[in-house]
Structure formats: C-alpha cells, structure tokens
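Below is one structure, written out as structure tokens, with a few remarks after it.
Excluded from the calculations below are hydrogen atoms, water molecules and symmetry mates; all remaining heavy atoms, backbone and side chain alike, are included. Since the structure is predicted, the reported quantities are computational estimates derived from the model, not experimental observations.
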Amino acid sequence: MHRIETKATVTPDGVLTVQVPPDVPPGEHQVVITIDERPLVENNRPPLDFPVNNYGPWPEGFTVRREEIYGDDGR
C-alpha cells in the first residue's frame, strides 16, 4: 500500500489527472481520493526587491581565492 500526497488537476469536464511515483505498477488500482474544498492557488507575488549598492567594478587583478582571503591557517 502506498500513501501518495501530490497535486492533481481537475478539468472543467470533471477529469482528474494525477502523476504517481514510478514505483507504482501499471494497471487498475483501488484508490481513495480526498479533495480539499478550496483549490490550490499559486503564489504569484512579485519577487523580493532588495536594495542594491553599486560600488563600481572590482580592482584590476582582484580575485577571491581562499588563499588570498584567509591566512596561512586557512581561517
């Protein structure tokens, strides 16, 4: 017996489409369907708008190699 929690699509004509995991063998299966009263609503909020500080281009020859950032002990 498998317990599968997933999203399903119901079309206007009442057809339910569900994607099951690949380990479920093909064929007829006894299933139990519980449908929440409210459909899922996608979160369409705009992306976060963080402030940006522009300090210009990096100095010529500047790298962020670990050996140049940290001391000889690696910290």
Side-chain angles (χ1 to χ4, degrees):
M1 178 186 257
H2 290 271
R3 176 175 161 40
I4 300 170
E5 262 189 60
T6 186
K7 294 180 184 178
T9 302
V10 179
T11 62
D13 58 349
V15 175
L16 175 73
T17 305
V18 177
Q19 181 73 36
V20 296
D23 63 333
V24 176
E28 289 189 6
H29 295 273
Q30 179 70 30
V31 296
V32 176
I33 300 172
T34 304
I35 299 178
D36 288 339
E37 294 177 7
R38 295 176 288 133
L40 290 176
V41 177
E42 294 295 325
N43 186 358
N44 290 330
R45 69 181 176 149
L48 298 175
D49 185 23
F50 292 109
V52 176
N53 294 324
N54 186 354
Y55 297 105
W58 286 7
E60 186 69 33
F62 178 76
T63 65
V64 288
R65 294 182 59 217
R66 181 176 187 85
E67 294 82 9
E68 294 176 7
I69 296 174
Y70 299 104
D72 292 335
D73 63 352
R75 295 182 180 217

Starting from the C-alpha separation in whole Å, work towards a yes-or-no answer on side-chain contact (heavy atoms from CB on, under 4.5 Å) for V31 and V18. CA-CA 12 Å; V31 296; V18 177; over 6 Å; no

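- For F62, the ring pair (Phe, Tyr, Trp, His ring centres under 6.0 Å) partners at least two apart in sequence or on another chain are W58.
- Residue pairs meeting the side chain to side chain donor-acceptor pair (under 3.5 Å) criterion with at least one member in residues 10-25, sequence neighbours excluded, are T11-D13.
- Note on V15 and V20: separate hydrophobic clusters, where clusters join Ile, Leu, Val, Met, Phe, Trp and Tyr whose side-chain heavy atoms are under 4.5 Å apart, directly or indirectly.
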